[in-house]
Amino acid sequence: MKRILFALIVSALVLTPCFADEVPLTVTDSLAVFRAYIGNSESVMLDLRPEPAYQGWKLDGASRGGHVAGAMDFPISWLDLMDEAKLDEVLSQKGVASGKTVVLYGAEKLDGKAQKLLAGLGRKGVKRIVLFNAPASSWTADETIPMYSYPKYHLYVYPEWLKSLMDGGKPDNYDGRTFKVFEASWGEEKTSYVNGHIPASIHINTDDFEEGPIWNRLSDERLKAAMEAHGITKDTLVVLYSTTANMAAARIAWILMYCGVEDVRLLDGGFNAWKSAGLPVSTESTPKEPVKDFGGNVPANKELIIDTEEAKAVIADTNGRLVSIRAWAEQIGETSGYAWLERKGRISGDVWGHSGPDSQTLPDFENVDGTMRNYIEITRMWNEWGIHPENDVATFCGTGWRAAEVNFDFYVLGWPHISLYDGGWCEWSNDPANPVQFGDQKPQYK
């Protein structure tokens, strides 16, 4: 039987000339050959399609959304955003290493841009590259090919979906309800919104939902009034994005979910994704249209946000994980992370959950284009620190922005017990009685 399978694979492969680093490149449209590589520990599968297809959206005639189980995402468009060093770094993150066979799928042919990817694979010393060039309509219809979609993938929308919605269409995973699209950022419209935004989107100033000096959310009564002022009811489909990083949009999204808005989504990759798709940009202001009543009690989902006493209870619980989404320099006490915040250190008993080099960016959880980093990579980071789906997880950062974006990621992945410690380091450090630690930190859980 093994000899028959081997003969089938060999006969189905079309050998093409070796490229620069003499790595054999073969091309096949055989489903039998493709299936033979799935789950093979000696091979790495890279999905070259756009990120929404990997996450779960049915694109390009696919009968099932999502990706081949165990495959890693690598949209071909990423190559425009990478220099050689970044490409090598990302390939390593995907598990590409010397001696591996790399299977590429999701592209029917490799154009000139893909030569950059092939060269990167050559530098990694891979054993062979296989291009499976069958269209998505073919292999997604084969039920013997295992596929995986993010449980709530539809909460991360993509530019073409949003354009269809705003043009009056009925895109997939839309039930016809009233919708509103918001650009969320700190400050008045003149800060960023007037420089360019999605046409007909409305500006949300984050100050309308949180306030200093601790930068916690407003009281429930004020949150209800803020939503009504922005025309949001519990039944409104709210789509949020930011003009730079999507942290502000995620911050507002998590607060709206806490309040009880039933359908809150983010534009994955934010405004940059919209512009990269070649869609129109406006500098004209769209005014808010208030509503008289939110239509429900606030908060409807109180468990999504916790305060300091509840954070202490999470630390005390053996199943609890108070997860710090802060830069390592913040975590070990080299910096507070903010020019206006003096006290340094970390919450005693917390667990580091990764972040990035500073308080303004979140590269550990974002791809090079700002979209959500894939589930295999981000859950691996948390597994190393003993953070698992069965835990009672509460995340925090300095003021709730970074942690909110990470929370939204894991909510999309279906983690059942995840909340936001709203006050975070800013509130914790404001009370000298709260225990603080400094210096190196090691994982204390498995």
Side-chain angles (χ1 to χ4, degrees), residues 210 213-217 247 250-251 254-255 258 301-338 340-359 362 364-365 378-411 413 415-446:
E210 62 176 11
I214 301 300
W215 296 107
N216 273 4
R217 69 198 182 282
M247 289 185 286
R251 171 66 167 159
W254 201 258
I255 290 174
Y258 160 86
N301 300 305
K302 184 176 176 59
E303 72 281 0
L304 293 183
I305 297 181
I306 65 173
D307 296 308
T308 297
E309 291 308 310
E310 295 161 301
K312 291 178 179 179
V314 171
I315 294 172
D317 183 357
T318 57
N319 191 50
R321 302 288 187 271
L322 185 64
V323 181
S324 171
I325 309 299
R326 303 171 71 208
W328 185 246
E330 294 174 83
Q331 192 68 10
I332 63 176
E334 289 182 352
T335 176
S336 72
Y338 305 89
W340 46 267
L341 184 60
E342 286 190 26
R343 197 173 183 195
K344 303 173 184 178
R346 66 174 177 270
I347 296 176
S348 182
D350 71 1
V351 182
W352 191 53
H354 288 260
S355 175
D358 53 54
S359 63
L362 200 58
D364 290 351
F365 292 89
I378 63 175
T379 55
R380 182 188 298 142
M381 290 191 303
W382 276 19
N383 284 340
E384 291 172 354
W385 284 81
I387 311 164
H388 308 293
E390 63 269 21
N391 294 132
D392 179 10
V393 177
T395 66
F396 72 95
C397 53
T399 61
W401 287 36
R402 287 172 287 177
E405 183 175 331
V406 172
N407 274 21
F408 201 87
D409 289 349
F410 282 92
Y411 185 77
L413 295 181
W415 281 44
H417 310 294
I418 191 160
S419 61
L420 175 72
Y421 169 33
D422 196 20
W425 177 248
C426 188
E427 180 173 331
W428 186 275
S429 65
N430 195 53
D431 184 350
N434 289 331
V436 171
Q437 290 181 306
F438 295 86
D440 197 17
Q441 183 182 28
K442 303 292 185 183
Q444 63 264 47
Y445 302 104
K446 293 183 179 180

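A quick note: this is a predicted structure, and the numbers were derived from the prediction, not measured.
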Around atom CD of E342, are there more than 12 heavy atoms from other residues, nucleotides or ligands closer than 6.0 Å?
no
Answer with yes or no after comparing the ring centroid distance for H354 and W352 against a 6.0 Å cut-off, counting only values under it.
yes
Would you sort out whether K302 and E310 count as a salt bridge (charged side-chain N to carboxylate O under 4.0 Å, His left out), showing the intermediate values?
CA-CA 12 Å; K302 184 176 176 59; E310 295 161 301; 5.4 Å; no
I need the I332 CD1 to Q441 CD distance, nearest 0.5 Å.
10.0 Å
Side-chain touch F396/R326, heavy atoms, less than 4.5 angstrom
yes
If you draw a 6.0 Å radius around OH in Y411, do more than 12 non-hydrogen atoms from other residues or ligands fall strictly inside?
no
Of all the heavy-atom pairs spanning A327 and G356, show the shortest one and how long it is.
CB-O, 3.1 Å
Roughly how far, to the nearest 0.5 Å, is CH2 of W215 from CD of E210?
6.0 Å
Check: N383 side chain, T379 main-chain N or O, donor-acceptor pair, under 3.5 Å:
yes
All heavy atoms of G353 vs all of I387, minimum pair found to be CA-CD1, 4.5 Å
Do E330 and S359 touch side chain to side chain, with heavy atoms closer than 4.5 Å?
yes
Quick check for you: to the nearest 0.5 Å, what is the distance between N216 atom CG and E427 atom CD?
5.0 Å
Side-chain donor/acceptor of D392 to backbone N/O of V314, under 3.5 Å:
no
What pair of heavy atoms forms the shortest contact from P416 to P389, and how long is it?
CD-O, 3.6 Å
Whether the side chain of D431 engages the backbone of A433 through a donor-acceptor N/O pair (distance < 3.5 Å, no angle test) should be reported.
yes
Steps toward side-chain contact (heavy atoms from CB on, under 4.5 Å) verdict (I347, I315):
CA-CA 10 Å; I347 296 176; I315 294 172; 3.8 Å; yes
Testing the basics here: between G345 and V436, what is the closest heavy-atom pair and its distance to 0.1 Å?
CA-CG1, 3.9 Å
Can you tell me how far apart CG (D350) and OH (Y421) are? Round to the nearest 0.5 Å.
11.0 Å
Apply the test side-chain contact (heavy atoms from CB on, under 4.5 Å) to residues D364 and V406: give CA-CA distance (whole Å), side-chain angles for both, the deciding distance (0.1 Å), then the verdict.
CA-CA 10 Å; D364 290 351; V406 172; over 6 Å; no
N/O donor-acceptor pair under 3.5 Å between W382 side chain and H388 backbone:
no
Might you point out which heavy atoms bring R251 and D422 nearest each other, and give the distance in Å?
NH1-OD1, 2.7 Å
Distance in Å, L322 CG paired with D317 CG, rounded so as to fall on 0.5 Å steps
11.5 Å
Between W385 and S324, is there a side-chain heavy-atom distance shorter than 4.5 Å?
no
Taking only Lys NZ, Arg NE, NH1 and NH2, and the carboxylate oxygens of Asp or Glu, determine whether R402 and D358 approach each other closer than 4.0 Å.
no
Decide if the gap between the ring center of W425 and the ring center of Y338 is smaller than 6.0 angstrom.
no
How close do W254 and I418 get, counting heavy atoms only, and between which atoms?
CZ2-O, 3.7 Å
Could you grab the distance from atom CD1 of I378 to atom CZ of F410, nearest 0.5 Å is fine?
4.0 Å
